[in-house]
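Computed from heavy atoms alone, side chains included, the values below leave out hydrogens, waters and symmetry copies. Letters go in sequence order (proteins before strands), and every chain restarts at 1. Just so it is clear, the structure is predicted and the values come from calculations on it, not from any experiment.
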There are 2 protein chains.
Amino acid sequence: MPKVSDDHRAERRRQIAAAALRCFARKGFEGTSMADIIAESGLSAGAIYLHYANKHELIAHVVGDVLRGRGRDLEGLSELDPLPHPVQVMRTFVTGITSELGGTAMMVQVWGLAAREPELALVIGEFIGDLRSLYASYFRAWFVQAGLTDAAAGARADAIVPVVVGICQGYLLQSAIAPAFDAEQYLAAVELLDFAAAPAS
Amino acid sequence: MPKVSDDHRAERRRQIAAAALRCFARKGFEGTSMADIIAESGLSAGAIYLHYANKHELIAHVVGDVLRGRGRDLEGLSELDPLPHPVQVMRTFVTGITSELGGTAMMVQVWGLAAREPELALVIGEFIGDLRSLYASYFRAWFVQAGLTDAAAGARADAIVPVVVGICQGYLLQSAIAPAFDAEQYLAAVELLDFAAAPAS
DNA sequence: GTCTATATCCAGATAGAC
DNA sequence: GTCTATCTGGATATAGAC
């Protein structure tokens, strides 16, 4: 394949994805029709469907991009000195998503979609897996610093990571739909939890 | 209004709601068409629309019913002796929802819908409010038992309740879409968190 | 590669007989 | 109150000219 063709294709896909993201942020996934994306991108229906087979594929691509970017925020944290507090790490993650998506409603809608679209569930599932690994290596370092042995720190990190992810998800969800949600108060409460408290028995 | 009419109306609404719940559990909210509900209920389109103005109203009614029922599971816990462990309380809640809905996918879809339907957001928001109160009175008792003064226990309970709710939401969400989600491991990790650890400063 | 125009489908909701 | 039949709108996706 000629190089220009590939470049062009990649550029077009980016252009379409960017337009789609703007639409999704504005009106949600189901609220956005292909016609909206076509108008926003300045291209035509035919052009869009040449690059993405259907709406689901486009959604999966856009969502995957955003999540991969947020995952990158958490890379390398365990090498920092001083090691940031767990709440700081979680705050970075949730506020990163919030600001990139202009709120959290879109993220919640992604979950709803993933609950019935296997294609999207795959993308989300993969990301949750990555997120677990990223949090796990951070928490391993945190527990070591708190005085646990390497082995104990690793085990404890692996154990609590799903709950840490859950706490972040709860933040995002409540931020989207809970009445009078107070982000600072939520994070302050997380700080009350002593993740390193009693060592796993 | 004649009494029979009211009874009849209530009965019909129940019948329709029950049929709708079966459909929703089977195929999700968006996957269920009004035609599905009509067929499942054994009634006709006209009959349905006489009792519910539209699909959203029907969804909101069904969802509200389910949630109110699960809230009832948490009532009066703070008077029990011995007081159950927090994890036990949370387990009751999440497993209650899971078994009533035949899984958690439906709950996640509700959130996604609520993120863009104000009518439904209201129902969910109200329930989250109730849930906070229920958990708050339980945790107040728990903290008092742990040795805090009434005032400190109340303050601490109010502070952490949003996170407790978040942890439950994380469970439900991951149960629906996370790869290799292990419910028991999640709850075991919650048990590692010492909610009563350091008193709020 | 891209556009316009449109096929095709299926949803939610309603009208009017009974 | 309930049914049957149908309207209407809007969505995705495609066909075919350029």
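A:Ser44 comes within contact range of at least one nucleobase, with a heavy-atom separation under 4.0 Å. The residue A:His56 sits apart from the nucleic acid: no heavy atom pair falls under 4.0 Å.
One atom, CD1 of B:Ile37, and another, C1' of C:dA13, lie 13 Å apart when rounded to the nearest Å. In this structure, CG of B:Leu50 is placed 15 Å from P of D:dT4, rounded to the nearest angstrom. Atom NZ in B:Lys55 sits roughly 8 Å away from atom C1' in C:dA11 (whole-Å rounding). In this structure, A:Glu57 atom CD and D:dA13 atom C1' are separated by 14 Å, rounded to whole Å. Separating the CD1 atom of B:Ile38 from the P atom of D:dC3 is a distance of 10 Å, rounded to the nearest angstrom. For A:Ile48 and D:dA11, the CD1 to P distance is 16 Å, given to the nearest whole Å. C:dG1 atom C1' lies 15 Å from atom CZ of A:Arg13, rounded to whole Å. Rounded to a whole Å, the CG atom of A:Asn54 is 20 Å from the P atom of C:dT8.
If you check D:dG1, C:dG12, C:dG1 against the side chain of B:His8, the one that comes closest is D:dG1. Listed candidates were D:dT12, D:dT4, D:dT2. Nearest to the side chain of B:Ala45 is D:dT4. For B:Leu43, the side-chain atoms get nearest to D:dC3 when compared with the rest of C:dT2, D:dC3, C:dA11. Among D:dT12, C:dA11, C:dC3, the nucleotide with an atom closest to any side-chain atom of A:Tyr49 is D:dT12. Side chain of A:Ala47, nearest nucleotide from C:dT2, D:dA13, D:dC3: C:dT2.
Remark: of the listed residues A:Val66, A:Ile97, A:Leu101, A:Leu101 is the sole one forming a side-chain contact (heavy atoms from CB on, under 4.5 Å) with A:Met106.
Classified by interplanar angle (parallel below 30°, tilted 30° to 60°, perpendicular above 60°), the ring pair B:Tyr138/B:Trp142 is parallel.
With respect to the salt-bridge test (charged N to carboxylate O, under 4.0 angstrom), the residues B:Arg68 and B:Glu126 do not qualify. At a threshold of 4.0 Å, the pair B:Arg70-B:Asp73 counts as salt-bridged, since one of the basic side-chain nitrogens sits closer than that to a carboxylate oxygen.
Proximity of B:His51 to the phosphate of D:dG1: no side-chain N or O atom is located under 4.0 Å from OP1 or OP2. Checking the phosphate oxygens (OP1, OP2) of C:dT2, a side-chain nitrogen or oxygen of A:Arg12 falls inside 4.0 Å.
With sequence neighbours left out, A:Val94 forms a side chain to side chain contact (heavy atoms under 4.5 Å, CB included) with A:Cys168, A:Tyr171, A:Leu172.
A:Tyr49 contributes atom OH, which lies 6.5 Å from atom CD1 of A:Ile38 (distance to the nearest 0.5 angstrom).
Between its two ends, the helix from C:dG1-D:dC18 to C:dC18-D:dG1 turns its axis by 10°, counting five pairs per end and rounding to 10 degrees.
Side chain of B:Arg26 to backbone of B:Thr32: no donor-acceptor contact under 3.5 angstrom is found.
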